[in-house]
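Side chains included, hydrogens not; waters and symmetry mates left out as well; all remaining heavy atoms used.
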Amino acid sequence: MTTSEKAALRSPLAVLTSATATHGTGRDGDIALPRLPGFVESAFSPLAYEVAARCLTACPGDGSRTAVALASLMGDTTTADLASTRMVSGRVHNPLLFMQATPNSVLGHLSREFGITGQMFSLSTLDDPVTELLAMADLLLEDPELDRVLVLGVELGGGERVAAVHRELTAEDGRPVPDLPESAGLAAALLLTRPGPEAPVTVRATDADDGGRPPAADHHGSVQGLFDLAATHRRLLRDGGSQVLAAAGPAAAAFLLSSERLPERNETDTHAHQ
């Protein structure tokens, strides 16, 4: 499914939990590539599974009432390039590369491991995936048979073929070309629901001029907006308050994240009121 037009939230969402992971980027916090049985060579599926599993383990729930939406501009480009290179060179084709070439492969593995039987979608968008994923979650949660939607985004560094595509895209709109190392990978996930006591951080559509300064346009397919959303979720859980996040790019939307943080109580306070 490919999307390009800005979508707005019709109803508030709430964040149950979030997770991020990076590999080979040179950033602080890079992790070794997680091992995922049946998936080889590429960071795409292992990183997608890593952040998804963290969310689903932190907040277990009914898999039949959980949907999943994964966003990636170009999907698993490492696997696609490797399969093409092997074919052109006349080498024997690896069936695992054929199986894992589409993002739906890791979603199927996730479904089996966590018993998820709700709808699953793979999205591709030229704009910030935050807007598209939140709009998809909002739409899916209109279904009375769903309680939660796991949204995640994955971005790989890619080789020369990926760089050539980005150069062609940026020639039209002047947005930057990504500078990730070829073997790098980034993934972020959020488990969303409707507002309630179990999810104190809410997400609502707002105007970018309500205190949120639109960021400089990032490269096509960047998942940095999801990282920003996850970081804001963690900060609001800790400190409370609110913050406006504006998506990057020409189809930018803005979202107000807010938290009703309850005051902390210690044992002395508790006994004093008994």
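Pro200 and Leu237 make their closest contact through CG-CD2, 3.6 Å (heavy atoms, listed as atom of the first residue, atom of the second, distance). Scanning all heavy atoms of the two residues, the minimum distance from Pro34 to Pro46 falls at O-CB, 3.3 Å. Across every non-hydrogen atom of Ala71 and Pro129, the tightest pair is CB-CB, 3.9 Å. Summarising the geometry of Ala199 relative to Ala14, their closest heavy-atom pair is CB-CB, 3.6 Å, with the distance given to 0.1 Å. Here the shortest heavy-atom pairing between Pro12 and Pro195 reads O-CD, 3.5 Å. Considering all non-hydrogen atoms of both residues, Leu47 and Gly185 come closest at CD1-C, 3.4 Å.
A donor-acceptor pair is defined here as one N or O able to donate and one able to accept, closer than 3.5 Å; such a pair exists between the side chain of Thr193 and the backbone of Asp147. Panel note: side chain Ser111, backbone Leu107; no donor-acceptor pair is recorded below 3.5 Å. In this structure, the side chain of Arg65 engages the main chain of Pro144 through a donor-acceptor pair within 3.5 Å.
When Thr17, Ile116, Leu16 are each tested for a side-chain contact (heavy atoms from CB on, under 4.5 Å) with Leu56, only one passes: Ile116. Each of Val151, Leu133, Val106 was evaluated against Leu70; a single residue qualifies, Val106, per the side-chain contact (heavy atoms from CB on, under 4.5 Å) test.
Side-chain heavy atoms closer than 4.5 Å link hydrophobic residues (I, L, V, M, F, W, Y) into clusters, and following such links, possibly through other members, connects Phe114 to Met120. Using a 4.5 Å cut-off between side-chain heavy atoms of Ile, Leu, Val, Met, Phe, Trp and Tyr, with links allowed through other members, Leu9 and Leu146 fall into the same hydrophobic cluster.
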Full working for side-chain hydrogen bond (donor to acceptor under 3.5 Å, both in side chains) between Thr117 and Ser64: CA-CA 5 Å; Thr117 57; Ser64 68; 4.8 Å; no
Would Val223 and Val154 satisfy side-chain contact (heavy atoms from CB on, under 4.5 Å), going step by step from the backbone distance to the final call? CA-CA 7 Å; Val223 297; Val154 184; 5.8 Å; no
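To the nearest 0.5 angstrom, Arg10 atom CZ is 10.5 Å from Leu141 atom CG. Taken from OG1 in Thr232 to CG in Leu245, the straight-line distance is 4.0 Å, to the nearest 0.5 Å. Rounded to the nearest 0.5 Å, atoms CG (Leu229) and CG (Leu190) are 5.0 Å apart. Atom CG of Leu186 is separated from atom CG of Leu226 by 10.5 Å, given to the nearest 0.5 angstrom. Between the CG atom of Leu33 and the OG atom of Ser42 there is a distance of 8.0 Å, given to the nearest 0.5 Å. How far CG of Leu191 is from CZ of Arg54: 14.5 Å, rounded to the nearest 0.5 Å.
Residues Leu150 and Leu110 meet the side-chain proximity criterion, which asks for heavy atoms closer than 4.5 Å. Between Val15 and Leu192 there is a side-chain heavy-atom pair separated by less than 4.5 Å. Under the 4.5 Å side-chain criterion, counting only non-hydrogen atoms from C-beta, His23 is not in contact with Glu50. Put simply, the side chain of Leu13 does not reach to within 4.5 Å of the side chain of Phe255, judged on heavy atoms. Taking 4.5 Å as the limit, every side-chain heavy atom of Ser45 sits out of range of all side-chain heavy atoms of His109.
The list of salt bridge (Lys or Arg N to Asp or Glu O under 4.0 Å) pairs with a residue in residues 183-206, not counting sequence neighbours, reads Asp138-Arg194, Glu142-Arg194.
The 12-atom threshold is exceeded at CZ of Arg27, counting heavy atoms of other residues, nucleotides or ligands nearer than 6.0 Å.
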